[in-house]
Amino acid sequence: MIELRHRGQEEDLPQPATNTCSDPYRSPFPPITPLDHLLTGCILFCLRMKLQLLQLTRALATMLLVRTRYLLLHLLLLSTAATTNRAAASSSPSTGHGGDEAALLAFKARISGHSGVLDSWNQSTSYCSWEGVTCGKRHRWRVVTLNLTSQGLGGTISPAIGNLTFLRILDLSINTLDGEIPPSIGSLRRLQKLDLNTNMLTGVIPSNISRCVSLRVMYIHSNKGVQGSIPAEIGSMPSLSYLVLFNNSITGTIPPSLGNLSQLTDLSLSLNYLEGSIPEEIGNNPHLSFLQLSINNLSATICMVIDAGLNSLTGVVPSELGRFQNFIVLRIEKNIFEANNEEEWEFIASLTNCSNLQMLELGWNKFAGKLPSSLANLSTNLLWLRINSNNISGGIPSEIGNLANLQMLELAENLLSGDIPQSIGKLTQLKVLHLHTNSLSGVIPSSIGNLTSLHTPIASRNNLEGPIPPSFGNLNKLWAIDLSRNKLAGIIPNEIMHAFSNSIYFDLSNNLLEGQLPVEVGHLVNLEQLILSGNKLSGEIPGTIGNCRVLETLLMDGNSFQGSIPATFKNMAGLNLLNLTNNKLNGSIPGNLASITNLQELYLAHNNFSGTIPEFSLRIAIPTAGAFLLSLFIVWAGFLNGKMNTAPKKEIPPQFTEIELPIVPYNDILKGTDGFSEANLLGKGRYGRVYKGTLENQASVVAVKVFNLQLLGSYKSFLAECEALRRVRHRCLVKIVTCCSSIDHQGEDFRALVFQFMANSSLDRWIHSNFETQNGQGALRLSQRLDIAVDIADALDYLHNGCQPPIIHCDIKPSNILIDQDMRARVGDFGIARVLDDVTSKCHMNSRNSIGIRGTIGYIAPEYGEGLTVSTNGDVFSLGITLIEMFTGRSPTDDMFIDGISLHYYAEAALPDKVMEIADANIWLSEGANTSNDTDANIWLSEGANTSNDTRHITKVKECLSSVIQLGIMCSKQLPTERLSMSDAAAEMHATIRDAYTFTTTQL
């Protein structure tokens, strides 16, 4: 963890030498020529032959008339050097060059903390043996490398560093150094690598750093205090190959002089505040192959881009783009680029000149019109092609199969029509094919069976028709297939059941498929989700389906299945959700369904079942011919437990999970809450109540969560929370203190968890508080909301990526986020959390924590409602909705969200120009609006901004709100694959949004 440190007092330290006499290995005289060496050799030869010096002098008088003095001195130097070398060979290394040693000690004097690496830096040993220091082989006492990366160094960088004039590598990366970059670094003319990344450096990049003429690598990224503009002088550095300045606070424009860096291959300027256009001069560099400019304030039309995603770039992509033939990656996704006709799409044709292009990402822009046929003529080295989420119409280019090495093709969420080209079968390396949410028609080409590397074909929400090609049976690497919501007809081919044996997700719902479900369905032994709803399938359900033992969701509703429910259903031990409604099934309901211990939701309505209802505690909807009205009422009431005339069967307490905490007795809980007094009631949850209390062995107030064990699922909720909480330790998670697993005074089971008390209630209370009635004490400032958003993202990032195995919370919402006394957030309520299986965390879940469809209406990921398995993507969706709610003050279940309008689309429609109109009005009241009538952003903007600083503050507020709401939108996309990862969302929330806003506002 990076610690903030105060800068030490400035001190007088040695400065870099500027005269030639400071170097004992550099002669103050004119350089020795080859002639001097020849003459010197003659003299030495004659001396060895015992010739008289006078005769030698006469013989060579003419030749040495000018050079005699220099030659004699040169001989003296040779003699002295030989003597020195002999002495040095036997002397201690500590007698070396005092200038370098003094510079190192001056450097150490400025360091305020370290990991112990500088303990060896004392004069008892040679400085060339100090840790992190390397001296040269030729110049034995000159320091050539100073490498102290990741050593916890604090303090500042001494200007004396410029005295190490033989230094070739200076690596001080990943420390907590602060202060400015000393200009004396410009004296290091031999320096080849400068790495200062990931520190807390401040100030500007010294312009005289350009004097480091040998520098090849310059890494000064991830120092948010580094500001100012990029020095134009950097463009005069002839050897510079890597210039990496991302994640700083650099402002201004990109200097055109960077185009003069003829050796530059990598230029990374992302995550700064750069403005204006990208200079055309940069494109003249024939070696540049990686350019990263994303997340800046660049607004002009680009002339050259590799990674310029997530900006506000507008206009038409220039057709000259293709002259940069060494591009490997071109990413301009998530901007506002347009193309509406052939002329504006010409940049695709120009890219056919880029023979090294491997990745082309154009998604989430405003491209329209037809895809040009030249798309199929791009480099055969292309691996990724993503043009999803635009308004592109027309057909897929018929020769798309020319892109022979393509591994990912994403054209989803457009307006594409026509057939899927037969040539798609030539893409034999294709692994991901996303064509969903278009208007594609015609049949699925049989050539798709050639795509033997394919693992994720998704073509749902189109108008595809005809049969499912039997050639799908060749695709034995599939792990997920979604052809739902089309017009596919015919039977389900037997062949595909063998091929899908490794699949975990299979969705053919809402088509026109008919015939029987093949008995080969039993081969899908790894399947977790089987969705066949809304077809015309008939016949009996094959008993072989019982072989699908890990199946969690089985949806067969809306078909014409006949016969009875196979007894083999009991073998599907992982089954969580079963829907057989609206079929023609008959016979009795098997009582052995009760043996499926994970089954939480069973829907059997609108069939022809007879007999009694089995006695097991599940929510069942089973209208029969003789009890339709009664059962209809039961469906609307949402429950039916056991036989109609039998009392509900009590849930069997599962075995208690050890959580390595002291277990307090029931009497302590009873006493600490004053007998569960209503006066101590803090809130009610899904499975119980939370009370404020005190415990004898606890010095502070605690919160006691008491589970209502009469409610179905409460035991499992208790275990799920124990299972999750025993694994986690993080500052942004509610801390568990102890627990209680006991018997109450009535002899009934009792379960409770004791948590650290959160003084400021839940985030829900703060977002939706009545500001006026609380005298302004109930609203959160913008800075507080940003801090809370960072805390939530950090907590989820830890759960997903910092825990082994990972944990999915499953119920992120403002009421489950608690606020401590410092107004920082703590994520709580792990009652339906899911712990991913240690071995197969990508696919399988811990069956002990299976509690049905998870989440709260409005925050639950849409795929959960469709039966998809729980994943980290679900938490990302909930985070996105929560972020939008935090900054708009609108709940996702607000009455205004009807007729297909949701909080997500409400926010998306307001970006970028109307973000201030949808922002929570309480923000402006807490931020300092000037009158009692200032109840919204527009009034505050018009009346509250009276100075230039106010105007700049308003601009930064608008930029911040746009960024955080945009992040919420990106996290709450409809499809899981289109959402950000939690780690990316946390990084975005930290660096790009919260830290950027905090830094800029402190400068006003």
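All values derive from a computational prediction rather than experimental measurement. We use all heavy atoms of the structure for the numbers below, so side chains are in, but hydrogens, waters and symmetry mates are not.
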(message) Before you tell me yes or no, could you show the steps for Leu903 and Thr888 under side-chain contact (heavy atoms from CB on, under 4.5 Å), namely the whole-Å CA-CA distance, both residues' side-chain angles and the distance that decides it to 0.1 Å?
(response) CA-CA 9 Å; Leu903 179 59; Thr888 65; 4.1 Å; yes
(message) Set out, in order, the CA-CA distance, both residues' side-chain angles and the distance that settles side-chain contact (heavy atoms from CB on, under 4.5 Å) for Leu245 and Ile250, then state yes or no.
(response) CA-CA 8 Å; Leu245 305 177; Ile250 299 174; 4.0 Å; yes
(request) Go through the steps for Ile884 and Ile969 under the test side-chain contact (heavy atoms from CB on, under 4.5 Å), then give the verdict. (result) CA-CA 8 Å; Ile884 298 173; Ile969 292 169; 4.2 Å; yes
(message) Go through it in stages, so that I can follow the logic: the residues are Glu346 and Val317, the test is side-chain contact (heavy atoms from CB on, under 4.5 Å), and I'd like the CA-CA distance, side-chain angles, deciding distance and then a yes or no.
(response) CA-CA 9 Å; Glu346 282 186 2; Val317 180; over 6 Å; no
(request) Please assess Glu361 against Arg331 for the test salt bridge (Lys or Arg N to Asp or Glu O under 4.0 Å), listing each intermediate value before the final yes or no. (result) CA-CA 5 Å; Glu361 297 194 9; Arg331 299 181 62 198; 3.3 Å; yes
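Side chain of Asn247 to main chain of Leu269: no donor-acceptor pair is present (N/O by atom type, distance under 3.5 Å, no hydrogens or angles). Side chain of Asn248 to main chain of Ile220: a donor-acceptor pair is present (N/O by atom type, distance under 3.5 Å, no hydrogens or angles). The backbone N or O of Ser484 lies less than 3.5 Å from no partner atom in the side chain of Asn510, so there is not a single donor-acceptor pair. Panel note: side chain Asn486, backbone Asn462; a donor-acceptor pair is recorded below 3.5 Å. When atom types are taken as modelled, the side chain of Asn511 and the backbone of Leu488 share a donor-acceptor pair closer than 3.5 angstrom. A donor-acceptor distance shorter than 3.5 angstrom exists from the side chain of Glu344 to the backbone of Asn340, with no hydrogens or angles considered. The main-chain N or O of Ser441 is never found under 3.5 Å from a side-chain atom of Asn463 such that the two would form a donor-acceptor pair. Judged by distance alone, the side chain of Ser460 and the main-chain N or O of Leu483 form no donor-acceptor pair under 3.5 Å. Distance alone, capped at 3.5 Å, is enough to place a donor-acceptor pair between the Arg979 side chain and the Gln974 backbone. Between the side chain of Ser423 and the backbone N or O of Ser398, at least one donor-acceptor pair lies under 3.5 Å.
In this structure, Leu411 CG and Ile396 CD1 are separated by 5.5 Å, a value rounded to the nearest 0.5 Å. For the atom pair OG (Ser439) and CG (Leu416), the distance works out to 8.5 Å, reported to the nearest 0.5 Å. For the atom pair CG of Leu267 and CD1 of Ile254, the computed distance is 7.0 Å after rounding to the nearest 0.5 Å. Atom CG of Leu911 is separated from atom OG of Ser963 by 9.5 Å, given to the nearest 0.5 angstrom. Atom CE of residue Met989 and atom SG of residue Cys971 lie 10.0 Å apart, to the nearest 0.5 angstrom. Interatomic distance, Gln263 CD to Ser239 OG, rounded to the nearest 0.5 Å: 7.0 Å.
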Enumerate, atom names and distances included, each donor-acceptor pair closer than 3.5 Å involving a side-chain atom of residues 370-388, sequence neighbours excluded.
from, atom 1, to, atom 2, distance (Å)
Ser379, OG, Ser355, O, 2.8
Ser379, OG, Asn381, N, 2.9
Asn381, ND2, Ser355, O, 2.8
Arg386, NE, Glu410, OE1, 3.3

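Between Lys431 and Leu454 the shortest heavy-atom distance is O-CD1, 3.4 Å. Counting all heavy atoms, side chain and backbone alike, Gln422 lies closest to Ser447 at O-OG, 2.6 Å. Summarising the geometry of Phe877 relative to Pro862, their closest heavy-atom pair is CE1-CD, 3.6 Å, with the distance given to 0.1 Å. Contact detail for Gly874 and Tyr864: the closest heavy-atom pair is CA-OH, 3.3 Å. Ile468 and Pro493 get closest at one heavy-atom pair: O-CG, 3.3 Å.
There is no side-chain donor-acceptor pair under 3.5 Å between Asp875 and Thr872. Judged by distance alone, the side chains of Ser270 and Ser268 never bring a donor and an acceptor atom under 3.5 Å apart.
Residues Ile496 and Leu478 form no side-chain contact, since every pair of their non-hydrogen atoms from C-beta on lies 4.5 Å or further apart. Taking 4.5 Å as the limit, some side-chain heavy atom of Leu427 sits within range of a side-chain heavy atom of Leu451. Side-chain contact between Leu243 and Leu264 is present, with heavy atoms from C-beta onward closer than 4.5 Å. Contact check for Ile332 versus Leu330: side-chain heavy atoms found under the 4.5 Å cut-off. Counting heavy atoms from C-beta on, the side chains of Ile481 and Tyr505 never come closer than 4.5 Å. Between Val915 and Lys958, some side-chain heavy-atom pair lies under the 4.5 Å cut-off. Within the 4.5 Å cutoff, the side chain of Leu883 has no heavy atoms near those of the Ile965 side chain. Using a 4.5 Å cut-off on side-chain heavy atoms (C-beta onward), Met916 and Leu961 make contact.
Among residue pairs with one or both ends in residues 237-252, none qualify as salt bridge (charged side-chain N to carboxylate O under 4.0 Å, His left out); sequence neighbours excluded. Screening residues 240-249 for salt bridge (charged side-chain N to carboxylate O under 4.0 Å, His left out), with sequence neighbours left out, gives no hits.
The environment of Glu342 atom CD is sparse: at most 12 non-hydrogen atoms of other residues, nucleotides or ligands sit within 6.0 angstrom.
Salt bridge status for Lys973 with Glu978: absent, with no side-chain N to carboxylate O gap under 4.0 Å.
Contacts of His434 classified as ring pair (Phe, Tyr, Trp, His ring centres under 6.0 Å), with partners at least two apart in sequence or in another chain: His436. The side chain to side chain contact (heavy atoms under 4.5 Å, CB included) search around Thr437 returns Glu413, Arg461, not counting sequence neighbours. Applying the ring pair (Phe, Tyr, Trp, His ring centres under 6.0 Å) test to Tyr906 and every residue at least two apart in sequence or in another chain returns Phe897. Residues passing the salt bridge (Lys or Arg N to Asp or Glu O under 4.0 Å) test with Glu959, sequence neighbours excluded: Lys956. Every residue meeting the side chain to side chain contact (heavy atoms under 4.5 Å, CB included) condition with Pro231, not counting sequence neighbours, appears here in chain and number order: Ile205, Ser207, Glu233, Ile234. For Tyr242, there are no ring pair (Phe, Tyr, Trp, His ring centres under 6.0 Å) partners two or more places apart in sequence or in a different chain. Considering only residues two or more places apart in sequence or on other chains, His455 meets the ring pair (Phe, Tyr, Trp, His ring centres under 6.0 Å) condition with Trp479. With sequence neighbours left out, Pro255 forms a side chain to side chain contact (heavy atoms under 4.5 Å, CB included) with Ile230, Ala232, Ser257, Leu258. Take Pro912 and apply the side chain to side chain contact (heavy atoms under 4.5 Å, CB included) test, not counting sequence neighbours, and it matches no residue.
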